[in-house]
Amino acid sequence: MDAASLIIKFHVIFFILLLVCSNSNSTLAMAANDSSSGGVTNFSTAILIRVDQSGQGDFKKIQDAIDAVPSNNSELFFIWVKPGTYREKIVVPGDKPFITLSGTEASNTIITWSEGGDITDSPTLTVLASDFVARYLTIQNSFGTSGKAVALKVKGDRVAFYGCRIQSYQDTLLDDAGRHYYSNCYIEGAVDFIFGNAASLYERCHIHSVAAGAITAQGRESPLENTGFTFLGCKITGTGGSTALGRPWGSYSRVVFAYTFMSSIIQPEGWNDWGDSTKQSTAYYGEYKCYGAGANRSKRVGWSRSLSNEEAAPFLTKNMIGGRSWLRPAPTHFKRRSTIVTPTGEN
């Protein structure tokens with residue numbers, strides 16, 4: 001190739017890179033100016049609040065830090081939780097959007113509570129706010145195997161979890177309502193341990209069953225509801241007995257597993273109709289290019305689906321949750337706020 005050809009090739013490559021960068025910046029700008037932003041325009045800078053049990057931060061308790069965020073805030077708040085085990089029952093109220101709750105490693109930043117019974121009252125962490133993000137936390141309910149005990153309840157819209165560990169036994173994660181994204185999370189339980197009626201994408205998550213039961217109990221009640229759970233590029237393991245991929249909590253329950261490793265813990269039939277055969281014609285249970293001993297579909301129930309490329313396509317992107325318009329990167333700049341109020345009323 002002569003020098004002139006090399007120069008032309010260089011300019012073509014440079015133009016393509018320039019175009020890609022321009023499109024990327026436009027996408028980020030659209031996300032920042034999305035009508036759901038509630039007035040927040042700067043997504044790179046957040047007000048920093050530190051939680052440290054040793055007393056070296058702004059608060060010793062996570063709930064106190066959340067309480068310090070003003071109602072209907074129009075700025076990002078980043079609550080940095082130093083390593084430790086925080087024995088708290090936490091609620092993020094619906095009038096406090098744009099909070100990030102972050103540890104540095106899920107293995108050493110643990111939020112734990114022990115309460116069973118009602119699925120609404122028992123959660124260790126309840127998220128009612130929109131535009132909430134959690135990073136690198138363990139969220140657990142240590143109640144045990146004797147009944148329902150929710151670790152995490154998510155009812156806010158546009159909520160994301162990154163690198164978190166969510167652990168209980170029965171009804172671990174109440175994925176209740178709204179659009180949610182779970183990335184590289186570990187979710188552990190036994191009975192219906194991912195349940196609710198949210199529209200959620202679980203990407204590259206590790207799902208671990210500790211006893212015979214069902215992984216999902218999705219609650220879609222109408223074909224008009226744009227809800228359902230999609231597991232994309234995930235891994236399913238287990239130590240207990242035979243486990244179903246899901247059973248229909250709602251008549252039109254919708255769950256799809258794509259590009260997911262399934263260990264032998266998954267029962268050959270794959271899916272369960274929860275003793276109601278009428279739901280076989282309305283539930284939407286699909287699998288697409290999954291692999292592993294548990295992915296063998298030769299003995300699957302006849303009312304589950306092996307999805308074609310065309311059928312699977314809507315579930316292979318973030319479009320189902322509208323994620324491109326609201327998922328945001330972690331802030332890169334932080335500032336302090338002089339009016340952070342402690343529980344005693346001191347600044």
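- Once rounded to the nearest 0.5 Å, the distance linking CD1 of I166 with OG1 of T138 reads 9.5 Å.
- In this structure, OG1 in T172 is found 13.0 Å from NZ in K148, a value given to the nearest 0.5 Å.
- Not a single ring-ring contact (aromatic ring centres under 6.0 Å, His included) links F193 to another residue, sequence neighbours left out.
- The ring-ring contact (aromatic ring centres under 6.0 Å, His included) check on Y136 picks up nothing, with sequence neighbours excluded.
- Under the ring-ring contact (aromatic ring centres under 6.0 Å, His included) criterion, F143 pairs with no residue, sequence neighbours left out.
- Ionic pairing of R254 and E225 is not present here: no N-O contact between side-chain nitrogen and carboxylate oxygen is shorter than 4.0 angstrom.
- Residues satisfying the salt bridge (Lys or Arg N to Asp or Glu O under 4.0 Å) criterion with E75, sequence neighbours excluded, are K335.
- Within the structure, side-chain hydrogen bond (donor to acceptor under 3.5 Å, both in side chains) pairs that include any residue of residues 101-111 comprise E105-S107 (at least two apart or interchain).
- For the pair R50 and D58, the salt-bridge criterion is met [side-chain N within less than 4.0 Å of a carboxylate O].
- Not counting sequence neighbours, the partners of Q56 by the side chain to side chain contact (heavy atoms under 4.5 Å, CB included) test are D52, S54.
- Using cut-offs of 30° and 60° on the angle between ring planes, the pair F229 and Y202 is perpendicular.
- Ionic pairing of R305 and E287 is not present here: no N-O contact between side-chain nitrogen and carboxylate oxygen is shorter than 4.0 angstrom.
- Salt bridge absent: E188 and R165 never bring a charged side-chain N and a carboxylate O closer than 4.0 Å.
- K155 pairs by the side chain to side chain contact (heavy atoms under 4.5 Å, CB included) definition with L128, K153, D176, A177, not counting sequence neighbours.
- P314 meets the side chain to side chain contact (heavy atoms under 4.5 Å, CB included) test with no other residue; sequence neighbours excluded.
- Clustering of Ile, Leu, Val, Met, Phe, Trp and Tyr by side-chain heavy atoms under 4.5 Å joins L224 with none of the others.
- For the pair L245/T216, no side-chain contact is recorded, criterion being any heavy-atom separation below 4.5 Å from C-beta on.
- Its side chain outside the 4.5 Å cluster rule for every partner, Y186 clusters with none of the Ile, Leu, Val, Met, Phe, Trp and Tyr residues.
- Relative ring orientation between Y162 and Y181 is described as perpendicular, the plane-to-plane angle rising above 60° on a 0-90° scale split at 30° and 60°.
- Applying the side-chain hydrogen bond (donor to acceptor under 3.5 Å, both in side chains) rule to pairs touching residues 257-267 yields S242-Q267, sequence neighbours excluded.
- In terms of the side-chain hydrogen bond (donor to acceptor under 3.5 Å, both in side chains) criterion, residue partners of D276 (sequence neighbours excluded) are, by chain and number, T278.
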